[in-house]
Amino acid sequence: MTDTHCPYCSLQCGMTLRVGSSLASSGQAGSSRSRRLEVRERDFPVNEGALCRKGWTATGLRGHRERLTTPLLRDRATGELRAASWDEALDVVATRLRTLQEAHGPDTVAVFGGGGLTNEKAYLLGKLARVALRTSRIDYNGRWCMSSAASAANQALGIDRGLPFPLADIERTDVLVLVGSNLAETMPPAARHLDRLRERGGHVVVIDPRRTATAARADTVLQPVPGTDLALALGVLHLLDAAGAVDEEYVASRTTGFAAVRRTAAAWWPERVERVTGVSAGELRALAGLLAGAGTVTVLTARGAEQHSQGTATVLGWLNVALALGMPGKAHAGYGCLTGQGNGQGGREHGQKSDQLPGYRMIDDPAAREHVARVWGVDPESIPGKGLSAYELLESLGTGSRALLVFGSNIVVSAPNATRVTERLAALDLLVVADIVLSETAAMADVVLPVTQWAEESGTMTNLEGRVILRERAVTPPDGVRSDLDVYAGLASRLGSTAAFPTDPEEAFAELRLASAGGRADYAGITYDRIRAEDGVFWPCPAEDHPGTPRMFADSFATPDGRARFVDVEHAGAAEQPDADYPVHLTTGRVLAQYQSGAQTRRVRDLPDDGPFVELHPMLAARIGARDGEPVMVTTRRGSLRAPARIVDTIRPDTIFVPFHWVGANRLTNDALDPSSRMPEFKVCAAEVGLDTPSLVPRDGYSTNEGLVGRVASASERAVVGRVASASERIEIPAAHQRPGSGPTLGSPGFEARFSHTSTTGETPA
Amino acid sequence: MRTVVVGAGMAAARLADDLVARGGEVTLLGDEAHPPYNRILLSAVLEGTHDVGAIGLGLRPEVDLRLGTRAVEIHREEREVELADRSRVPYDALVLATGSIPTLPPIRGLVRVDGRLHERVHAFRSLDDCARLDRAVTAGARTAVVVGGGLLGLQVARALGVRGLAVEVVEGGEHLLRGQVDEKAGGILARDLRRLGATVYTGARAVRLTEDGLVLDNGYTLDTDLVVLTAGGRPSTALARRAGLEVRRGIVVDDRLRTDDERVFAIGDCAQHRGRTTGFVPPAWEQAGLLARHLAGEEVVYTGTRSVARLRATGLDVAVLGDPQTAAGEVVEVTNPIVGSHRRLVVRDGRIVAGTLVGDLSRIGLITQHYDRQTVLGAREPGLLLMPDRATAEVPQRLPDDAEVCSCAGVTAGRIRACSSYDDVRTTTRATTGCGGCAAAVEQLVTEGAHA
C-alpha cells in the first residue's frame, strides 16, 4: 500500500496504490511481468477520497503495450527508429549537442519542459540547461497554461500562487465567480465544493461561452462572446462603482492605483458591455447586484479567461473587481487561479521558465543569480540570461536553435498553430524526446529516451493551492527505462559538467530547498517527512519550524510596500475577429475522460476515446446543414479539421468548440501571444464551419435538401411552439426565405404563419 | 502639435485621452463647470441607480482642461480660437466637438421675461440640468410632465416614476419613440409605461404653460409641479457657421472627419458625415478614436458606425438596431401583445440590417453580434432568433438503461439499477465518487431498483 497522488491535473487528488496479488481480472491491461496495481480511496483533504474516472483508471497505462522500454535512435540510412542501448543513445545526444554548440554557440541547444514534471525534475532541468548546456533557451508548456494568471498575480499581488488559500475555503464564500473554468469536467472532485457552497446558501456564478457541466451546478450562468471576459469585468466594476459598492476603506488602506482603473471602468456602462460581450445589460446588472450585496466574494479564473492575447489583462480586470470589493486577504474570499497541469504551479517556480531561477527568482536579478550560483557552485556570470518564451522558442527552431530536448511535453498536439510548429520541429538537426510512450512528438524525434512514469518514481508536486505534496514510488519500473533525473545526470557528465545532478529525488529536493531559500516560492522548510505527516505543506515555508502558509495576504501583499496594485487595463478584443470568410468564433477546451495532449489518457483502455468533435448550436447546424454525429469541416487561416458534429444548445450559436486532446484542434488555433505572459490565444480565433461535402448544399446555405436541414430546425421549432402557445404570435418569414413545406410549423406557404393556440402554456405538442 | 478641442463632452474626452496617450498636446475648452462625465448615464443618476460620483470620465493628467470657457469665434487665418473673455487660444489642429443643444418646443410660457426657463420647467441635457431636476424632486415635487416621447423622454419619465412622482408623457407624434420604432412597438411601450404607473398622451402637443398647468392641444390641462423638456436636440453648429465652415444639419466632414478647412475637424453629435448626424456615443467614440490616429499621422477612413440604441430605464426593455423604419429588406416579426413584446428584424441577403426589440431582450446579445458582424444567417435563423430560448425541459419518466448517470466514472443507469445498495454502487461502479453531482440520481435509481 502506497499513499500517493493522481498522475493528472493540478488538484493532485490523494489516492492509495495497492499491488494486487494476481493478474488483471477486470480487463486492465497488464503485462505478464507486472502485478496488477489497484487504485484505492484515500482520505486526503483536497479530494476527501473522491476521484474522477481518470484517477480510478490511472494504473491502466502501466505496462501498456505501447510503453517504451528501450532508447530509440533514428537510423540515418533508413529513417526508421531502431533500438539502442542507453550508453549509445546518451553518447549520440551528448556528442551531437557538443558539436552543434561548438559550431553555433550554446543557444543552439534548446530545452522544452512540462508542467507535469515533478519539482525535482523541473528544478534539475533548469540546472541542466543553465549549468551543463549553458543555454538561455529553456521554457515549458506551462507558458500555454497558467502564465497569464501568473503574470497578473505577480503584478497585482506581488506573488503568483494559484490559490492563495486552500481550495475548501471556497465552500464558505458567499458568491463564487468562476471565469472560464469547467472544473466539473476538468477536475471533477472539486465540484463537490460548489454543491456544498450552494447547500449553505452561497451562490455560484459561471462565466463561459458554453453552458458546461460546471454551469449546470451554478445559480447564474453568463455566456459571453469568446475573448470578451475583460469587457465583462470592466462592466461589473463600472456597476459596482455606480452602486457605491466599492470598499473605499480597503482601497485606500490596502491598495494603490484605483483612480486610473475607475476612470477606465467609467467608460464601460452596461449597454456598451452588452454590445461587446453579448451578455445582456440585465444579466450584467444582476451579477453586479449580487456581488455588491455579498459579504464575501471569491473570483477564480482558469484557462477560459487566461489563454488569450489579452489574457493577463483579463485576469487583472477580474483581480480589479476582487480588489474593489475588498476581498483579497479576507477570510473565505479573494482571487485565485485554478491551475491546470499536475505540477503547473511547482513547474513554474523552480527554473524551467526562460526568465526565472529556482524559488521564483527572476533571472535578471543579480542577487537571485548570486544565490543560485552559490548553490550550484558556479560563477554567477556563467548563468545565461533571459531566453525565449515557449512559442517563440519553438518558432526559432531550425533558424535559432538547431537542437531541442523535450521532457514531459507533446508539442505536436499541444502547441498552437500546430502545423507550423511541426514544420519547425522537422527543421531541427537534432530532436530528443524523453517520454513513456511514442507520443506524436516522440515519433518525430532523432532520439527517444524511455523514462519512468508516475508510480514508478517519487517526487514532489505543488498543487493548485500551493500545497507541496509527495508522489511516492509504488512499483518497480520496467527494465530498460530510466528516470528523467538519470537522463540529466548521464547527459551532464557526458557534457563534462562537474555540477551535481542527483538521481535520488529526495536528494534533488534537498538541493531545491537550498536553491529556493529566500525566494518568493521558498521551500526551505519542507521535507518529504513533513509532507507525509502534514498532508502536504503550503509554500512559502522558509524553515523547518515554520508551519507553511495555507492562506496569504491577511495582513499585507507581497509587493514592496505591502499593498495590492490595481492595474489599469483596457479591453482590446481577440487578435482575430470573425469576418465574412471565417464567420464564427472557435474555442477549445477539455473533456472529462482525457488529459492534455492525451498521450497518456488516450492509451488507457477504460477511458472512452471518441476522438475530436465539433460542438455547435442547432441554429448554426441548421444554417450549414450539419447533422449530429456526421462530419463537418472546420477551417481557419492556419488549418482544417474534419470531425463529427455534436449539436448542443448549450453553446453560443456564434461559437464552435473543439477539444484539444487529439491532433487537429491546435492546427486551427491562433499563435497570437499575450504581450506580457507570452501565452498564445488558444481560446479564440475566427473559423469557418461547413459540411464535409459542401457541394451538397448551395452556397447560400439554404439547402434544397429539406431532410438535411429539417431535422434539427423542426425539433427546435416544435419546442418553441409549446412555450408561446397561449399568445397570439405572428411570425413573418421573409419571402425570399420561403420554401413550401419546409417545416411543420413555421414554413406554411404564404407570407405569414399565424399561431393561434387555445391550449395553456407549457404544453409541448406531442 | 497642439490640438484644441471645442467642447468637453464624451467625444472630446475620448479624443483627448487617445491623443495624449500618443504623446500629443491637447487643450479642451468646455463651457460646463464639470470635468467630462458620462452624459448618457444622467437619467440613471436621476433614477438613483447610478452614483453621481461614478459618472466622471476622468482624463489623463496631461490633458489641458479648461472648464467654464466658451469659444465665441474661430479665426481660421490666424489659427486661433477666441473665447468669451476675448482671450485667444492658438491651434495647429482644431476639433469641434460641440455636441447638440436641446430643442425648445414651441410652448408659450416656458421662458420667462429674463430669458430663463420658468421655474417649473426643466431641460435634461447637462449635469447641472440633472442636479436642478433632482433638487426639485427632493424638495417635494409630486407630479411631472415629460414633453417628448423619445429615448431620453422615456428614460426621464421612468426615472421620475421610480422616484415616486406621478408622471405624464406628452408626445406629439402618433406613438412613442416614433423616430426609431413602428406603431406596434410604440403601442407596447405606451402600455408598459402605463403599467408602470405613468400616463401617456400621444398625438397631443403641449401649447401653453399657465398657472393652471400645461395646456395640450387636445384640450387637456395637466396640472403639474414639473415640466421636463426632452423634445430632442439639434447639432450645435453656430460657431462653425460663423467661421464660414460648411454646415447643413451638422458640420459637414469628410471620411477623415475634416471640415472644408483642412485644419478643422468635427466629431460627435455636431458632425455630419455622409449626410448623417447621430446622437449616440458609439459613433462619437469611434470618430474620436479614428481622429486621434489621424492627427498622430496615421491614414484612416471613417465609413460610418452601426448603431444600436438602447433605452436605459428600469422596467422598459428597448433596443433599436440601425434604422428599422427605413432600412430596406425583408421583415421577420414576432409580436406578443399579451406579454407585451414586439420584435422585428429587417434582413437583407441573409444579414440583419436593422431591428427593433421591445419587451423581450432575451437574445439581444446574439442578435447584436450578428448585426455588428453582418453574419450571413440561414433561412430559418432570423425567425428562430425571435423565438424564446428553450422549451421547458421534459423530465423523462424513466432513464433508459444506457443513459450515462455518472460522467466522472462513466456509469450508466442500467449498471446502477443492477446494484443492491448505494454503497454497492460506490464500490462496484465508482459512481458518485468523483464530483458527487450524481448522488441524488443514484439514490433514486437504487430505490427504483429495490422496488422493482
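In the text below, chain A, chain B and the rest are named by the order of the sequence lines, each starting its count at 1.
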**Item:** Heavy-atom contact with chain A under 4.5 Å, split by part of B/Leu59
**Value:** backbone
**Request:** Heavy-atom distances under 4.5 Å only: say whether A/Ala260 touches chain B with side chain, backbone, both or neither.
**Result:** neither
**Asked** At a heavy-atom separation under 4.5 Å, does B/Val411 approach chain A through its side chain, its backbone, both, or neither?
**Response** neither
**Message:** Do the side chains of B/Arg373 and A/Asp579 get close enough for a salt bridge, i.e. N-O under 4.0 angstrom?
**Reply:** no
**Message:** For B/Leu311 versus A/Glu271, what's the shortest heavy-atom pair and its separation?
**Reply:** O-OE2, 4.5 Å
**Student check: side-chain heavy atoms of A/Arg217 and B/Cys435 closer than 4.5 Å** = yes
**Complete:** Rounded to the nearest 0.5 angstrom, the CZ-OG1 distance for A/Arg192 and B/Thr432 is 6.5 Å
**Asked** If you count heavy-atom pairs under 4.5 Å between each of B/Cys408, B/Ala44, B/Ala54 and chain A, which one has the most?
**Response** B/Cys408
**Message:** I'd like to know which of A/Pro224, A/Pro578, A/Ala191, A/Gly244 tops the heavy-atom pair count under 4.5 Å against chain B.
**Reply:** A/Pro578
**Item:** Minimal non-hydrogen separation, B/His370 against A/Asp654, with atom names
**Value:** CE1-CB, 4.2 Å
**Prompt:** Which answer fits B/Arg306, side chain, backbone, both or neither, if we ask what part of it has an atom under 4.5 Å from a heavy atom of chain A?
**Reply:** both
**Request:** Would you please indicate yes or no on a ring centroid separation below 6.0 angstrom for A/Trp269 and B/Trp285?
**Result:** yes
**Complete:** On a heavy-atom basis, the closest approach of B/Gly434 and A/Ala50 is O-CB, 3.4 Å
**Item:** Nearest-0.5 Å distance, CG of residue A/Leu620 to CG of residue B/Leu377
**Value:** 10.0 Å
**Item:** Heavy-atom proximity to chain A below 4.5 Å, by part of B/Asp317
**Value:** neither
**Message:** With a 4.5 angstrom heavy-atom cut-off, is it the side chain or the backbone of B/Leu41 that approaches chain A, or both, or neither?
**Reply:** side chain
**Prompt:** Which distance, rounded to the nearest 0.5 Å, do you find between the CG of A/Leu240 and the CG of B/Asp51?
**Reply:** 12.0 Å
**Complete:** Of the listed B/Asn38, B/Thr368, B/Leu345, B/Leu361, the one with the largest count of heavy-atom pairs under 4.5 Å with chain A is B/Asn38
**Complete:** When the 4.5 angstrom heavy-atom criterion is applied to A/Glu41 and chain B, the contacting part is side chain
**Complete:** Heaviest contributor of heavy-atom pairs below 4.5 Å to chain B, chosen from A/Arg285, A/Glu283, A/His193, A/His238, is A/His238
**Message:** Tell me which of these, B/Arg60, B/Arg344, B/Arg312, B/Arg430, has more heavy-atom pairs under 4.5 Å with chain A than the rest.
**Reply:** B/Arg430
**Item:** Residue among A/Pro188, A/Ala265, A/Pro270, A/Pro189 with most heavy-atom pairs under 4.5 Å to chain B
**Value:** A/Pro188
**Request:** Ignoring hydrogens and angles, state whether a donor on the side chain of A/Arg275 or B/Gln369 is under 3.5 Å from an acceptor on the partner side chain.
**Result:** no
**Request:** Looking only at non-hydrogen atoms, find the nearest pair between B/Ala409 and A/Arg53 and report the distance.
**Result:** CA-CB, 3.6 Å
**Message:** Need one label for A/Arg652: side chain, backbone, both or neither, based on atoms under 4.5 Å from any heavy atom in chain B.
**Reply:** side chain
**Prompt:** Any side-chain heavy-atom pair from B/Ser407 and A/Leu592 closer than 4.5 angstrom?
**Reply:** yes
**Item:** Nearest non-hydrogen partners of B/Ile364 and A/Glu274, listed with the distance
**Value:** CD1-OE2, 3.1 Å
**Request:** Using non-hydrogen atoms and a 4.5 Å limit, figure out which bit of A/Val276 sits close to chain B: side chain, backbone, both or neither.
**Result:** backbone
**Asked** If you count the non-hydrogen atoms of other residues, nucleotides and ligands that lie under 6.0 Å from CD in B/Glu183, is the total more than 12?
**Response** no
**Contacting region of B/Arg14 [heavy-atom separation from chain A under 4.5 Å]** = side chain
**Message:** Could you check whether any side-chain heavy atom of A/Met619 comes within less than 4.5 Å of a side-chain heavy atom of B/Leu366, counting everything from C-beta outward?
**Reply:** yes
